[in-house]
Amino acid sequence: MKAYSIYKARFYFFAKLLLFLVFLNGCSSTKFIEDNQAIVKKIEIDSIPSKYKEEAVNYIQKDIRPASKLGINVGLYNIFYSLFKIKSVGKPAPVLDSTLVEISRNQVEKYLQSKGFFKATVTSSIAVKRQRAAVEFVANTGPAFKVEKLGYVIPDTAVKKLYYDLRPSFTHLKEGMQYDDDSLSLEREKVYQVMKEHGYYDFSRPYIRFTVDSAFSNSTAHVVMYIDNPEDKSKHTQYKIGETNILIAPTTAGFPDSVQLNPRKFRAIRYTDLSGRFRRNPIVRYDFIKKDELYSSEMENLTYDRLYELNVFKNVKIEYIKESDSTPVLRPLVQMIPQKRMSNRVEGEIPFNQGTVGFTISNTYTNNNIFRGAERFEFQIKGGLQSRIGQGGGLFKDIYQRDFSMSATLSVPRLMVPFDIPMMGKNGIPYTSFSTSYVYALQRDFFVRKVFLNSMTYEWVETKSKLHTFTPLNFEYRFGGILLDTTTAEGKELVLNNSYNLALLKRRDLTIGMKYSYSLNANKLLQNKSFIYFRGNIDIAGNMLNAITKLSGGKHDPAADDFAKLLGLPYNQYIRPEIDVRWYKSLSQERQFIARLNAGVGYAYGNSRTMPFEKLFFAGGSNGVRAWQARTLGPGNYNRAIRNPTEAARRTLYGIDQLGQMHIEANLEYRYKMIDNFFGAKLKGAIFLDAGNVWDISPGNPQPEKYFDFKNLGNQLGIGTGIGFRYDLDFFVFRFDIGLKLRDPQFDPSEQWVIRKFLTGGKDFKAEYKLNNSPFTYNFMQYNFGIGLPF
C-alpha cells in the first residue's frame, strides 16, 4: 500500500507539471519564432451582417487563424516538438504572413459579392506589438442586390416540360430574393439530378449555365438559366434499360482476361457466377435497374448501396453498353468481386475497479455466405473470471466469479414471410435473424445461473431514419440455484435480508413472448447536427400461454405459488416497455449539446409475481450515470452494508447486481474539440451531468427503501458530474470518462451530498466507510473506458 501511494503521488506530480508546462508554453509561444516574425493573436471582421460573419471567417487562411484563447493546441505542439521533435500533437502558432492576409481579404470580398453584395469592398490592417499581431478586415458591403426577374431558356421542349413540372418541388430561386451564388449552384445540382433520374444518361452539369445582369440603378439583378442542347443534336437523348448482365468474379483477385457468359437469361437478366459461390435470387433481388424502365441514377446508386450492404463483395462496378444501331437503349453490366468468405476474431478485455480485476476472452467465427445467399453466420465462445485483489496472495488468488457463454446467429438478407413485400430493400436491406445462446454464471459460495435463449427476429428500414425490429418468437429458459449454506445462522440471516433477490436467482422458469422496437434518426448519431433521436421498445411475454391455460379450464393461484406450467416449469407473464429520447443541438465548430432521458419499467402480472432476473434494470456504468460502476447504484435508497451488517455476509454477496423493476436516467453533455491534431486524430472533450436510479414497484420485496416514491424522488436520485476525452479517428472513437459523485442516495438525506466530503475530508470519510463496510470501499470517482460515444 505504501509503494502504491508513492507511485500515485509521483503520477500526480508529473501530471501537474505537464499541465503547467502546457500553459506556460501556450502563453510564451513567441519564443519559438524569429525576431522579425509575429504571432497572430486576434482577427476581426467588421461591418458584415451577423448572418454572414461566421461563414466569412472560413475564408481566412488557416495558417493565420489565431489559436483558441486557452492556447492548448499551440502549447502542446511547442512542448512535443521542442522535447521530442514530434509534429503530430497540436499545431504550430499562426505566424503573420502579409501575403496570406491579402489572399484572405480578397476571399472575404469575393464571398460577400457571391451573396449579392456586388459592390462590396474589403480592406485590411495589421497592428503588431511585442511580436503579437492583430489583423482587422473592414468591409463596405454596399447595397444587397435582389433578383428582380428570373428567365429560362430551354430549347428542348421535353426537358423544358420536365423542369417546369418538377421545379416547384426543389427550386430555391424566386423573384424578390436576395441574390446568392449558392442558390444558383444548388439549382444547377438539382436540375442535373432530375435529368439523370429521368433517362438522360449523357447529361452533364456544363449544359446548365446562368447569366446575371446587375447593371441596374435600383440594386436589382436579372438572372437567366440556360439548359443547352448538345452541340451536334437538336435535343437530349432519353435512354431506356435493356438486358442486364450480372457478372461475379471467380476469386477475390478479380476477373480473368476472358470470360464466358452464361448462355441462359431469365427475366431479362443474364446471371454469370464464375465463383460458383452465390445463388441467383439473393443477388438479383437487389438489382433495381429494371428492363424497359427509364435510366435512373437513383436506381443505379440504390443498386450500388444494396450490393455493398450485402457485405459479400469488396468491389461493385456498374457500366452501361449502348446499342450499336444508336437505339436509345442501355444494357447494364454489373461486375462484382467477392470478398473473403470466412474470418476468425479473438478479443479480450480487462474489466477492473478498485478492489477487483478480471479478464474476458472471446473467439468469434464468421461466415459471410454460408448458404450461398449472403447469409451471415456467427459463432462465439466467451469466458471470463473476476477476482478480488488487495487481500494478499496472487493476482487471481481470490476468484469470486466465473462466466461462460456460447452463441450462434444466422442473418438472412430478406424477410422470410409467406407473402411478397414490394420494394422492401429501397431504404435498406431487411434481415431475418435466428439466434441461440447459452449463458453460465457462477459466483463462488453464492449462486449459479444458466440461461438458454432462442429467438427469430425481423429487421427492416421504413425510411433512412426509421428502423423497425420485430421478434415474433422469443423463447428463454432459466435455471438458477443458490449455493449458500442455509444451515448456519449467517446463512439464514443472508436469506432473510435478501430473500427477494435470492428468490429471483434460484427461480427456474421459461419465457415465450415477443418484442418490438422502433428507432428514429439512428443514422444521424455520428453527425454534428440538430435533431431528435427516439428509440422505443416493448417486451411482452406469457399472454398467449395464459389465454390457452384459461381456455383449457386450468385454474391456478400464483399468489399461493400455484403457477400454470409448460414443460413442467412456470412460465413468465409480464410487460416491459422502455424509451430513450435525446435532443442533439449543434453549436457549430464541432460543438454539440445533448440532453437525454432514458426510462423503462417491467411489470409482472397474471402467472407471475416477479420479473425474471435478467429483465430487471440497472443504473450506473459508462453509458448511464457515469460516476457509479455499472449495477452498483440503487435500487432507491438501498444500502448493501446496512442490509448485510457482517463482513462475512458482504463478502458472500460481493458481486451481486443491484437491480430494479423501473429505471429513470437523465443526462446532459456538452461536447467540444480540444486538439486538432493529436497523434494523427482529433482529441475532443466533454462535460457531463448525469442523474438517475432504479426502483422496485411490485409487491413482495421486504425492503421498503427500494421502492419508488414520487414524494421522495429528490432523495432517491444518484447525481454525478464529470469530464470526458474522446480520441476521434473518424471510423471509431476511443473514450475515457471520469465521473464524480455529487449525491449518493444510499445515505441518509442529510449526508447524501457526498461532494462536500470529497472537498473537505474525503480521505477520512473513505477510511471510516471501509472500516464499517469492509470489504467494500467508497470511490468518489469512477473511470470509464469505452469505444464509441456513450449516446
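Residues: numbered from 1 along the sequence shown.
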Note: Phe617 and His663 closest approach over all heavy atoms is CD2-CD2, 3.3 Å
Is there a side-chain contact between Ser608 and Arg507 in this structure, where contact means two heavy atoms from C-beta onward sitting under 4.5 Å apart? yes
### Message
Any heavy-atom pair between the side chains of Phe475 and Tyr477 that's under 4.5 Å?
### Response
yes
Apply the test salt bridge (charged side-chain N to carboxylate O under 4.0 Å, His left out) to residues Glu768 and Lys770: give CA-CA distance (whole Å), side-chain angles for both, the deciding distance (0.1 Å), then the verdict. CA-CA 6 Å; Glu768 182 181 356; Lys770 184 174 182 181; over 6 Å; no
In terms of heavy-atom contacts, Gln592 and Asn528 come closest through CB-OD1, 3.6 Å
Is it true that the NZ or CZ of Arg631 lies under 6.0 Å from the centre of Phe618's six-membered ring and within 45 degrees of the ring axis?
yes
In this structure, OG1 of Thr610 is separated from CG of Asn572 (nearest 0.5 Å) by 7.5 Å
Open item on the list: If we count only N and O atoms by modelled type, under 3.5 Å, do the side chains of Asn454 and Thr436 hold a donor and an acceptor together?
Closed with: yes
task = Could you tell me whether the side chains of Gln661 and Trp695 share a donor-acceptor contact shorter than 3.5 Å?
result = no
Cation-pi, Phe688 ring and Arg626 (6.0 angstrom, 45 degrees): yes
In this structure, OG1 of Thr364 is separated from CD of Gln380 (nearest 0.5 Å) by 3.5 Å
Salt bridge (Lys or Arg N to Asp or Glu O under 4.0 Å) filter on Arg402, not counting sequence neighbours, yields none
Go through Tyr365 and Asn367 one step at a time and tell me if the side chain to side chain donor-acceptor pair (under 3.5 Å) criterion holds.
CA-CA 7 Å; Tyr365 164 79; Asn367 189 318; 3.3 Å; yes
What one should report as the nearest heavy-atom pair of Trp628 and Pro745 is CZ2-CD, 4.3 Å
ask   = When you check the gap from the basic side-chain N to the acidic O, do Lys682 and Asp728 get nearer than 4.0 Å?
value = no
Requested in this report: Compute whether any side-chain donor of one residue and acceptor of the other, for Thr457 and Thr471, lie under 3.5 angstrom apart.
Outcome: yes
Open item on the list: When you compare the side chains of Asn344 and Asn363, does any donor N or O come within less than 3.5 Å of an acceptor on the partner?
Closed with: yes
Checklist entry - Using a distance-only test with no angle check, is there a side-chain donor-acceptor pair under 3.5 angstrom linking Asn667 and Glu669? => result no
Given the options Arg726, Arg671, Lys673, Glu590 meets salt bridge (Lys or Arg N to Asp or Glu O under 4.0 Å) only with Lys673
### Query
Between Asn693 and Gly636, is there a donor-acceptor pair closer than 3.5 Å when you use the side chain of the first and the backbone of the second?
yes
Output for pair (Phe613 CZ, Leu659 CG), nearest 0.5 Å, gives 5.0 Å
Does either side chain, that of Ser433 or that of Arg376, offer a donor lying less than 3.5 Å from an acceptor on the other one?
no
For the NZ atom on Lys757, are there more than 12 heavy atoms of other groups (residues, nucleotides or ligands in this structure) within a distance under 6.0 Å? no
dist Ile361:CD1 -> Ile381:CD1 (nearest 0.5 Å) comes out at 11.5 Å
**Asked** Is it true that the side chains of Asn639 and Gln746 contain a donor and an acceptor less than 3.5 Å apart?
**Response** yes
Separation between OG (Ser411) and CG (Asn368), nearest 0.5 Å, reads 10.5 Å
Item to complete: On the 0 to 90° scale, with breaks at 30° and 60°, tag the Phe747-Tyr778 ring pair as parallel, tilted or perpendicular.
Response: tilted
- Kindly determine whether Phe785 and Phe736 satisfy ring-ring contact (aromatic ring centres under 6.0 Å, His included), including the steps that lead there. CA-CA 5 Å; Phe785 296 90; Phe736 174 56; 4.8 Å; yes
Fill in: Test ring-ring contact (aromatic ring centres under 6.0 Å, His included) applied to Phe758 and Phe780, step by step
CA-CA 7 Å; Phe758 175 76; Phe780 289 102; 5.5 Å; yes
Cationic N near anionic O, under 4.0 Å, Arg756 to Glu751: no
All heavy atoms of Ser455 vs all of Ser435, minimum pair found to be OG-OG, 2.8 Å
Answer with yes or no whether the side chains of Gln658 and Arg640 bring together a donor and an acceptor at under 3.5 Å.
-> yes
Exercise for review: Taking only Lys NZ, Arg NE, NH1 and NH2, and the carboxylate oxygens of Asp or Glu, determine whether Asp737 and Arg735 approach each other closer than 4.0 Å.
Suggested key: yes
Considering only heavy atoms from C-beta outward, does the side chain of Gln752 approach that of Asn715 to under 4.5 Å?
yes
Looking only at heavy atoms, the pair that brings Gln629 and Thr632 closest together is O-OG1, 2.6 Å
task: Check the pair Val439 / Arg449 against side-chain contact (heavy atoms from CB on, under 4.5 Å), numbers first and verdict last.
output: CA-CA 8 Å; Val439 180; Arg449 291 284 291 170; over 6 Å; no
message = Between Glu347 and Arg345, does any NZ, NE, NH1 or NH2 come within less than 4.0 Å of an OD or OE carboxylate oxygen?
response = yes
Show your reasoning for whether side-chain contact (heavy atoms from CB on, under 4.5 Å) applies to Leu525 and Gln527. CA-CA 6 Å; Leu525 288 178; Gln527 304 174 12; over 6 Å; no
Requested in this report: Go through the side-chain N and O atoms of Tyr533 and Arg535 and say whether any donor and acceptor fall under 3.5 Å apart.
Outcome: no
Between Ser517 and Asn537 the two heavy atoms that sit nearest each other are CB-CB, 3.5 Å
Indicate whether any N or O donor in one side chain lies under 3.5 Å from an N or O acceptor in the other, for Asp539 and Tyr574.
yes
